[in-house]
Novice: 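This is the structure I want to talk about, given as C-alpha coordinates.
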Amino acid sequence: MNNDQIWIDENHKDSRYGLKGKLVVRKKTAYQEIIILKTFEYGNALMLDGCWMTSDRDEKYYHECLVHPALSNLSKINTVLIIGGGDGGTLRECLKYKDITAIDLVEIDEEVINLSKHFLKKVGGNSWLDKRLKINICDGCKWVKNIKNNYYDAILIDCSDPSDFANGLFSTDFYKECKRILKEKGILATQSESPESFKKIHIEIIQSLKSIFKTSSTMYAFVPFYPSGIWSWTFASNNEKDFLIPKHNQIKSIENSCDVWNLNYQEGALKMIPNKILKELFKQNTND
Ligand code: SPD
(Lines give C-alpha, C1' and ligand atoms only; values in the text may rest on other atoms or scores of the structure.)
Protein backbone atom coordinates (compact mmCIF):
# COMPACT_ATOMS: atom_id res chain seq x y z
CA MET A 1 0.00 0.00 0.00
CA ASN A 2 1.45 3.32 -1.11
CA ASN A 3 0.91 5.79 1.74
CA ASP A 4 1.12 8.97 -0.31
CA GLN A 5 -1.90 7.97 -2.46
CA ILE A 6 -5.19 9.65 -1.57
CA TRP A 7 -8.67 9.77 -3.08
CA ILE A 8 -10.03 13.14 -4.22
CA ASP A 9 -13.74 13.26 -5.12
CA GLU A 10 -16.04 15.67 -6.90
CA ASN A 11 -19.33 15.40 -5.04
CA HIS A 12 -22.75 15.86 -6.61
CA LYS A 13 -25.80 15.32 -4.51
CA ASP A 14 -25.40 11.66 -3.55
CA SER A 15 -22.80 10.77 -6.17
CA ARG A 16 -19.08 11.21 -6.16
CA TYR A 17 -16.49 11.08 -8.93
CA GLY A 18 -13.06 10.30 -7.65
CA LEU A 19 -9.46 9.81 -8.66
CA LYS A 20 -6.70 8.29 -6.59
CA GLY A 21 -3.22 9.74 -6.71
CA LYS A 22 -0.52 11.80 -5.09
CA LEU A 23 -1.44 15.33 -4.10
CA VAL A 24 1.03 17.70 -5.72
CA VAL A 25 -0.76 21.02 -5.21
CA ARG A 26 -3.46 22.19 -2.83
CA LYS A 27 -3.61 25.97 -2.88
CA LYS A 28 -6.20 28.61 -1.95
CA THR A 29 -6.17 31.66 -4.19
CA ALA A 30 -8.29 34.81 -3.99
CA TYR A 31 -10.88 32.97 -6.11
CA GLN A 32 -10.82 29.26 -5.42
CA GLU A 33 -9.05 26.20 -4.16
CA ILE A 34 -6.75 24.63 -6.73
CA ILE A 35 -5.83 20.96 -6.49
CA ILE A 36 -3.48 19.05 -8.75
CA LEU A 37 -3.38 15.30 -8.30
CA LYS A 38 -0.82 13.05 -9.95
CA THR A 39 -2.67 9.86 -10.88
CA PHE A 40 -1.63 6.63 -12.52
CA GLU A 41 -4.61 6.29 -14.87
CA TYR A 42 -5.36 9.90 -15.79
CA GLY A 43 -1.95 11.57 -15.46
CA ASN A 44 -2.04 14.95 -13.75
CA ALA A 45 -5.55 16.18 -12.99
CA LEU A 46 -6.73 19.68 -12.12
CA MET A 47 -9.61 20.39 -9.74
CA LEU A 48 -11.02 23.87 -9.02
CA ASP A 49 -13.24 24.39 -6.00
CA GLY A 50 -14.16 20.72 -5.82
CA CYS A 51 -14.86 20.22 -9.55
CA TRP A 52 -12.61 18.33 -11.95
CA MET A 53 -11.49 20.57 -14.80
CA THR A 54 -9.02 18.62 -16.84
CA SER A 55 -6.60 15.73 -16.85
CA ASP A 56 -3.76 14.67 -19.10
CA ARG A 57 -5.71 11.65 -20.30
CA ASP A 58 -9.16 13.15 -20.73
CA GLU A 59 -8.62 16.70 -21.86
CA LYS A 60 -8.90 16.12 -25.59
CA TYR A 61 -12.48 14.86 -25.23
CA TYR A 62 -13.30 18.31 -23.93
CA HIS A 63 -11.00 20.81 -25.67
CA GLU A 64 -11.30 19.45 -29.20
CA CYS A 65 -15.11 19.57 -28.93
CA LEU A 66 -15.15 23.14 -27.69
CA VAL A 67 -12.83 24.50 -30.35
CA HIS A 68 -13.19 22.67 -33.66
CA PRO A 69 -16.93 22.79 -34.35
CA ALA A 70 -16.63 26.56 -33.92
CA LEU A 71 -13.40 27.34 -35.72
CA SER A 72 -13.91 24.90 -38.57
CA ASN A 73 -17.17 26.74 -39.26
CA LEU A 74 -15.23 29.86 -40.30
CA SER A 75 -13.51 30.20 -43.66
CA LYS A 76 -11.14 32.85 -42.34
CA ILE A 77 -10.18 33.56 -38.72
CA ASN A 78 -8.24 36.55 -37.44
CA THR A 79 -9.15 37.29 -33.85
CA VAL A 80 -10.17 34.82 -31.15
CA LEU A 81 -11.19 35.38 -27.55
CA ILE A 82 -10.81 32.59 -24.99
CA ILE A 83 -12.57 33.24 -21.70
CA GLY A 84 -11.12 31.07 -18.95
CA GLY A 85 -9.01 28.29 -20.39
CA GLY A 86 -6.20 28.73 -17.88
CA ASP A 87 -4.90 25.20 -18.43
CA GLY A 88 -3.99 25.99 -22.06
CA GLY A 89 -5.88 23.16 -23.79
CA THR A 90 -8.30 25.40 -25.67
CA LEU A 91 -5.42 27.65 -26.68
CA ARG A 92 -3.44 24.68 -28.02
CA GLU A 93 -6.34 23.59 -30.24
CA CYS A 94 -6.93 27.15 -31.54
CA LEU A 95 -3.31 27.53 -32.54
CA LYS A 96 -3.75 24.76 -35.11
CA TYR A 97 -5.49 27.37 -37.32
CA LYS A 98 -2.63 29.11 -39.09
CA ASP A 99 -4.63 32.13 -40.22
CA ILE A 100 -5.37 33.29 -36.66
CA THR A 101 -3.49 36.51 -36.02
CA ALA A 102 -4.39 37.26 -32.39
CA ILE A 103 -5.74 35.33 -29.42
CA ASP A 104 -6.82 37.08 -26.23
CA LEU A 105 -6.93 34.64 -23.33
CA VAL A 106 -8.82 36.14 -20.42
CA GLU A 107 -8.41 34.21 -17.18
CA ILE A 108 -9.46 35.55 -13.81
CA ASP A 109 -7.05 33.49 -11.70
CA GLU A 110 -3.39 33.82 -12.67
CA GLU A 111 -2.46 30.92 -10.42
CA VAL A 112 -4.40 28.50 -12.65
CA ILE A 113 -2.14 29.50 -15.55
CA ASN A 114 1.07 29.40 -13.48
CA LEU A 115 0.34 25.98 -12.04
CA SER A 116 -0.89 24.58 -15.36
CA LYS A 117 2.26 25.73 -17.13
CA HIS A 118 4.25 23.77 -14.57
CA PHE A 119 2.14 20.69 -13.82
CA LEU A 120 -0.02 20.29 -16.94
CA LYS A 121 2.65 20.56 -19.60
CA LYS A 122 0.90 17.92 -21.71
CA VAL A 123 -2.14 20.20 -21.96
CA GLY A 124 -0.77 23.66 -22.81
CA GLY A 125 2.78 22.73 -23.81
CA ASN A 126 4.52 25.26 -26.00
CA SER A 127 1.28 27.06 -26.80
CA TRP A 128 2.06 29.49 -24.02
CA LEU A 129 5.03 30.77 -26.05
CA ASP A 130 3.07 31.56 -29.23
CA LYS A 131 3.51 35.15 -30.38
CA ARG A 132 -0.18 35.46 -31.28
CA LEU A 133 -1.23 34.97 -27.66
CA LYS A 134 -1.97 37.79 -25.24
CA ILE A 135 -2.81 36.72 -21.67
CA ASN A 136 -5.09 39.05 -19.74
CA ILE A 137 -5.68 38.43 -16.04
CA CYS A 138 -9.19 39.79 -15.77
CA ASP A 139 -12.83 38.87 -15.15
CA GLY A 140 -14.29 37.79 -18.51
CA CYS A 141 -17.51 39.74 -17.84
CA LYS A 142 -15.51 42.97 -17.45
CA TRP A 143 -13.31 42.22 -20.45
CA VAL A 144 -16.15 41.90 -22.94
CA LYS A 145 -17.67 45.23 -21.84
CA ASN A 146 -14.51 47.07 -22.97
CA ILE A 147 -14.26 45.58 -26.46
CA LYS A 148 -15.53 47.44 -29.52
CA ASN A 149 -18.39 46.08 -31.67
CA ASN A 150 -17.68 43.41 -34.31
CA TYR A 151 -14.19 42.60 -33.09
CA TYR A 152 -13.75 38.82 -32.68
CA ASP A 153 -14.25 36.03 -35.20
CA ALA A 154 -14.77 33.52 -32.42
CA ILE A 155 -15.41 33.57 -28.68
CA LEU A 156 -14.69 30.35 -26.79
CA ILE A 157 -16.01 30.20 -23.25
CA ASP A 158 -13.95 27.63 -21.39
CA CYS A 159 -15.25 28.42 -17.94
CA SER A 160 -15.52 26.44 -14.71
CA ASP A 161 -18.83 25.27 -13.35
CA PRO A 162 -21.13 27.96 -11.92
CA SER A 163 -19.76 29.50 -8.72
CA ASP A 164 -19.77 32.91 -7.02
CA PHE A 165 -17.24 34.39 -9.42
CA ALA A 166 -18.04 32.27 -12.52
CA ASN A 167 -21.83 32.81 -12.50
CA GLY A 168 -21.57 35.92 -14.66
CA LEU A 169 -20.22 33.81 -17.53
CA PHE A 170 -23.60 32.04 -17.70
CA SER A 171 -25.69 35.22 -17.69
CA THR A 172 -27.75 36.73 -20.49
CA ASP A 173 -26.00 40.11 -20.02
CA PHE A 174 -22.68 38.46 -20.69
CA TYR A 175 -23.97 36.61 -23.77
CA LYS A 176 -25.41 39.88 -25.12
CA GLU A 177 -22.00 41.52 -24.84
CA CYS A 178 -20.47 38.53 -26.64
CA LYS A 179 -22.98 38.95 -29.44
CA ARG A 180 -22.09 42.65 -29.71
CA ILE A 181 -18.34 42.06 -29.98
CA LEU A 182 -18.58 39.16 -32.45
CA LYS A 183 -18.14 39.90 -36.14
CA GLU A 184 -21.16 39.41 -38.41
CA LYS A 185 -20.20 35.85 -39.28
CA GLY A 186 -18.62 35.19 -35.90
CA ILE A 187 -19.37 32.23 -33.69
CA LEU A 188 -19.59 31.70 -29.96
CA ALA A 189 -18.81 28.36 -28.33
CA THR A 190 -19.35 27.60 -24.69
CA GLN A 191 -19.05 24.53 -22.56
CA SER A 192 -22.67 24.02 -21.52
CA GLU A 193 -22.33 21.56 -18.63
CA SER A 194 -23.84 18.10 -18.29
CA PRO A 195 -27.51 17.33 -19.10
CA GLU A 196 -27.33 14.85 -16.20
CA SER A 197 -25.33 16.33 -13.36
CA PHE A 198 -25.92 20.04 -14.14
CA LYS A 199 -29.29 19.77 -15.89
CA LYS A 200 -30.84 23.05 -14.71
CA ILE A 201 -27.96 25.28 -15.77
CA HIS A 202 -27.53 23.24 -18.96
CA ILE A 203 -31.08 24.05 -20.02
CA GLU A 204 -30.73 27.68 -18.97
CA ILE A 205 -27.60 28.12 -21.11
CA ILE A 206 -29.33 26.70 -24.19
CA GLN A 207 -32.43 28.83 -23.64
CA SER A 208 -30.44 32.02 -23.11
CA LEU A 209 -28.35 31.54 -26.23
CA LYS A 210 -31.44 30.70 -28.29
CA SER A 211 -33.11 33.89 -27.13
CA ILE A 212 -30.12 36.12 -27.92
CA PHE A 213 -28.54 34.72 -31.10
CA LYS A 214 -30.23 33.99 -34.44
CA THR A 215 -29.12 30.39 -34.35
CA SER A 216 -27.62 27.94 -31.88
CA SER A 217 -27.01 24.26 -31.53
CA THR A 218 -25.80 21.90 -28.80
CA MET A 219 -23.46 18.99 -29.16
CA TYR A 220 -23.33 16.07 -26.70
CA ALA A 221 -20.38 13.80 -26.19
CA PHE A 222 -18.26 12.24 -23.48
CA VAL A 223 -15.71 13.49 -21.04
CA PRO A 224 -15.21 10.28 -19.10
CA PHE A 225 -13.99 11.78 -15.82
CA TYR A 226 -16.55 14.59 -15.59
CA PRO A 227 -19.63 13.90 -13.42
CA SER A 228 -21.95 11.48 -15.25
CA GLY A 229 -19.54 11.27 -18.21
CA ILE A 230 -21.87 13.05 -20.64
CA TRP A 231 -21.00 16.66 -21.42
CA SER A 232 -22.20 19.37 -23.79
CA TRP A 233 -20.98 22.33 -25.81
CA THR A 234 -23.29 24.94 -27.30
CA PHE A 235 -22.53 27.04 -30.38
CA ALA A 236 -24.31 30.23 -31.37
CA SER A 237 -24.12 32.77 -34.17
CA ASN A 238 -25.98 35.55 -35.89
CA ASN A 239 -25.12 34.05 -39.22
CA GLU A 240 -27.72 31.37 -39.83
CA LYS A 241 -26.43 30.44 -43.24
CA ASP A 242 -24.27 27.31 -43.21
CA PHE A 243 -24.07 27.30 -39.42
CA LEU A 244 -21.75 24.53 -38.22
CA ILE A 245 -20.96 23.46 -41.76
CA PRO A 246 -17.19 23.11 -41.80
CA LYS A 247 -15.53 25.45 -44.30
CA HIS A 248 -12.02 26.12 -43.07
CA ASN A 249 -9.40 25.02 -45.62
CA GLN A 250 -7.29 23.21 -42.99
CA ILE A 251 -10.06 20.82 -41.94
CA LYS A 252 -8.40 17.65 -43.18
CA SER A 253 -5.11 18.26 -41.39
CA ILE A 254 -6.93 19.37 -38.24
CA GLU A 255 -9.02 16.20 -38.23
CA ASN A 256 -5.81 14.20 -38.55
CA SER A 257 -4.23 16.05 -35.64
CA CYS A 258 -7.11 15.28 -33.25
CA ASP A 259 -7.54 12.31 -30.91
CA VAL A 260 -11.32 12.62 -30.54
CA TRP A 261 -12.95 15.18 -32.84
CA ASN A 262 -13.62 14.63 -36.51
CA LEU A 263 -16.46 15.66 -38.79
CA ASN A 264 -18.41 12.42 -38.28
CA TYR A 265 -18.04 12.64 -34.51
CA GLN A 266 -19.35 16.22 -34.67
CA GLU A 267 -22.27 15.30 -36.91
CA GLY A 268 -23.36 12.51 -34.56
CA ALA A 269 -22.81 14.59 -31.43
CA LEU A 270 -24.95 17.44 -32.79
CA LYS A 271 -27.84 14.98 -33.12
CA MET A 272 -27.41 13.37 -29.72
CA ILE A 273 -29.71 15.61 -27.70
CA PRO A 274 -31.40 13.46 -25.02
CA ASN A 275 -35.16 13.36 -25.48
CA LYS A 276 -35.83 14.48 -21.91
CA ILE A 277 -33.84 17.66 -22.59
CA LEU A 278 -35.73 18.23 -25.85
CA LYS A 279 -39.03 17.87 -23.98
CA GLU A 280 -38.00 20.42 -21.39
CA LEU A 281 -36.76 22.85 -24.01
CA PHE A 282 -39.90 22.70 -26.09
CA LYS A 283 -42.27 21.70 -23.31
CA GLN A 284 -43.92 19.10 -25.50
CA ASN A 285 -44.77 15.51 -24.76
CA THR A 286 -43.24 13.38 -27.51
CA ASN A 287 -45.03 10.32 -26.11
CA ASP A 288 -48.35 11.53 -27.51
N1 SPD B 1 -16.97 20.25 -14.54
C2 SPD B 1 -16.10 20.63 -15.59
C3 SPD B 1 -16.46 21.89 -16.23
C4 SPD B 1 -15.61 22.15 -17.40
C5 SPD B 1 -15.00 23.41 -17.30
N6 SPD B 1 -13.95 23.72 -18.12
C7 SPD B 1 -12.84 22.88 -18.02
C8 SPD B 1 -11.61 23.61 -18.25
C9 SPD B 1 -10.77 22.89 -19.20
N10 SPD B 1 -10.01 23.77 -19.97
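Any value given below was found using the heavy atoms of this structure, including those in side chains, with hydrogens, waters and symmetry copies removed. Both counts, for ligands and for their atoms, begin at 1 and track the order of listing. Computed from a predicted model, the values in this text were never measured in an experiment.
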Novice: Tell me: protein heavy atom nearest atom 4 (C) of ligand 1, and distance?
Specialist: Y226 OH, 3.5 Å
Novice: Side-chain contact, heavy-atom cut-off 4.5 Å: T39 with N44?
Specialist: no
Novice: Between ligand 1 and F198, can you find any atom pair, the residue atom being a heavy atom, that is separated by under 4.0 Å?
Specialist: no
Novice: Verify the ring-centre separation between H68 and Y265: is it less than 6.0 angstrom?
Specialist: no
Novice: Please state whether G86 comes within less than 4.0 angstrom of ligand 1, counting heavy atoms only.
Specialist: no
Novice: Any N or O on Y62 sitting closer than 3.5 Å to an N or O of ligand 1?
Specialist: yes
Novice: Under 3.5 Å, is there a donor on one side chain and an acceptor on the other for D49 and Y31?
Specialist: no
Novice: Identify, by atom number and element, the atoms of ligand 1 in contact range of W52, meaning under 4.0 Å from any of its heavy atoms.
Specialist: 1 (N), 2 (C)
Novice: Hey, is ligand 1 close enough to Q191 that some N/O pair sits below 3.5 Å?
Specialist: no
Novice: So H202 and Y220, would you call those rings parallel, tilted or perpendicular, with 30° and 60° as cut-offs?
Specialist: perpendicular
Novice: Quick one: does E59 get within less than 4.0 Å of ligand 1, heavy atoms only?
Specialist: no
Novice: For ligand 1, is there an atom lying under 4.0 Å from some heavy atom of T90?
Specialist: no
Novice: Show the nearest heavy-atom pair for residues E255 and L263, with the distance to one decimal.
Specialist: OE2-N, 2.8 Å
Novice: Where do S217 and L270 come nearest, in terms of heavy atoms and distance?
Specialist: OG-CD2, 3.8 Å
Novice: Quick test: of every protein heavy atom, which one is nearest to atom 8 (C) of ligand 1, and how far off is it to 0.1 Å?
Specialist: D158 OD1, 3.2 Å
Novice: I'd like to know whether NZ of K214 has more than 12 heavy-atom contacts from other residues, nucleotides or ligands below 6.0 angstrom.
Specialist: no
Novice: Just distances here: any N/O of G85 and N/O of ligand 1 closer than 3.5 Å?
Specialist: no
Novice: Of the listed options (S197, C159, S160), which comes nearest to atom 6 (N) of ligand 1 when hydrogens are ignored and any heavy atom counts?
Specialist: C159
Novice: Working note: Y62 + Y226, criterion ring-ring contact (aromatic ring centres under 6.0 Å, His included); need CA distance, chi angles, decisive distance, verdict.
Specialist: CA-CA 10 Å; Y62 172 90; Y226 281 177; 5.8 Å; yes
Novice: Checking the N or O distance criterion of under 3.5 Å, is ligand 1 in contact with H63?
Specialist: yes
Novice: On a heavy-atom basis, which atom in I147 and which in R180 lie closest, and how many Å separate them?
Specialist: O-NH1, 2.8 Å
Novice: Would you mind finding which of D87, D161, V112 brings a heavy atom closest to atom 3 (C) of ligand 1?
Specialist: D161
